[in-house]
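We're numbering straight along the sequence, starting at 1. Just so it is clear, the model here is predicted, and its values are computed rather than measured. Keep in mind that the numbers below use all heavy atoms, side chains included, and drop hydrogens, waters and symmetry copies. Atoms within each ligand, like the ligands themselves, are counted from 1 in listed order.
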Amino acid sequence: MSVQRERTFIAVKPDGVARGLVGEIIARFEKKGFVVVGLKQLTPTKELAEAHYAEHKERPFFGGLVSFITSGPVVAICLEGKGVVAAARLMIGVTNPLASAPGTIRGDYAIDVAKNIIHGSDSVESSTRELKLWFADNELLAVATPNPNLYE
Ligand code: IDP
């Protein structure tokens, strides 16, 4: 089965930005061969945060999650590449950083599930929905700058 050209939504959360991990995180994805096709820093509004995490609305941690993600600047990133949605999730690790393998971003840099420094879309459908929420069309490159790892 061939892996398609894909785009995914990544966010360095306020704890990751405050800890100065933005450069390290972007470097990992770039070294892997993925290309940044959208990048901006913003403090999300409550409306954006609630829409982004809508699937968790009924969960007990929802209020805390929304206050946390709106508490400071977030770096929003759109990455492009072959199989980038699943590959970025592998590079990020699992939700609980203590269960994330060393070598993953959460496994190397985080301890607390509520402060796990980074978000990555969990499916192609989620990435489409999330990219529409976080970026205007004209904020994303229509065509990625060629990278030898991007396509054969
Ligand atoms: P994911 O970010 O690994 O995809 P999700 O299950 O979609 O994980 O949860 C979204 C975010 O909500 C997590 O990244 C984490 O910050 C937070 N979260 C998930 N479960 C808990 C919890 O049990 N307590 C506090 N925060 C949680």
Record the part of [X] in heavy-atom contact with ligand 1 below 4.0 Å; permitted values are side chain, backbone, both and neither.
| X | value |
| --- | --- |
| Lys115 | neither |
| Arg89 | side chain |
| Leu65 | side chain |

Exercise. Work out which heavy atom in Pro73 is nearest to a heavy atom in Val17; give both atom names and the distance.
Key: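 Here Pro73 and Val17 meet closest at O-CG2, 3.4 Å.
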Quiz item: Do Lys46 and Glu50 pass the salt bridge (charged side-chain N to carboxylate O under 4.0 Å, His left out) test, and can you show the C-alpha distance, the side-chain angles, and the key distance before you say yes or no?
Solution: CA-CA 6 Å; Lys46 189 163 181 266; Glu50 286 180 349; 3.3 Å; yes
Quiz item: Which option out of His56, Lys13, Arg106 puts a heavy atom nearest to atom 7 (O) of ligand 1?
Solution: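 When every heavy atom of His56, Lys13, Arg106 is considered, His56 comes closest to atom 7 (O) of ligand 1.
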Quiz item: Within the distance-only criterion (no hydrogens, no angle test), does the side chain of Glu139 pair as donor or acceptor with the backbone N or O of Ala136 below 3.5 angstrom?
Solution: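 Yes.
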Exercise. Ignoring hydrogens and angles, tell me if any N or O in the side chain of Glu6 forms a donor-acceptor pair with the backbone of Lys82 under 3.5 Å.
Key: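 Between the backbone of Lys82 and the side chain of Glu6 there is no qualifying donor-acceptor contact (under 3.5 Å).
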Quiz item: Which atoms from ligand 1 have a heavy atom of Asn116 less than 4.0 Å away?
Solution: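 Within the 4.0 Å cut-off of Asn116, ligand 1 contributes 13 (C), 14 (O), 15 (C), 16 (O).
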Quiz prompt | Proximal ligand 1 atoms for Tyr53, defined as those under 4.0 Å from one of its heavy atoms | solution =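 Counting from 1, the qualifying ligand atoms are 10 (C).
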Quiz item: Does Phe29 share a hydrophobic cluster with Val12, counting links as ILVMFWY side-chain heavy atoms below 4.5 Å and allowing steps through other members?
Solution: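 Linked within one cluster.
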What residue and heavy atom of the protein are closest to [atom], and at what distance?
| atom | result |
| --- | --- |
| atom 25 (C) of ligand 1 | Phe61 CB, 3.7 Å |
| atom 3 (O) of ligand 1 | Thr95 OG1, 2.6 Å |
| atom 15 (C) of ligand 1 | Val113 O, 3.2 Å |

Quiz prompt | Whether His52 and Trp134 hold their rings parallel, tilted or perpendicular, with breakpoints at 30° and 60° | solution =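 The arrangement is perpendicular - the two ring planes meet at more than 60°.
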Quiz item: What pairs meet the side-chain hydrogen bond (donor to acceptor under 3.5 Å, both in side chains) rule with one or both residues in residues 100-110, with sequence neighbours excluded?
Solution: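 Residue pairs with at least one partner in residues 100-110: Glu24-Tyr109, Arg28-Asp108, Arg28-Tyr109.
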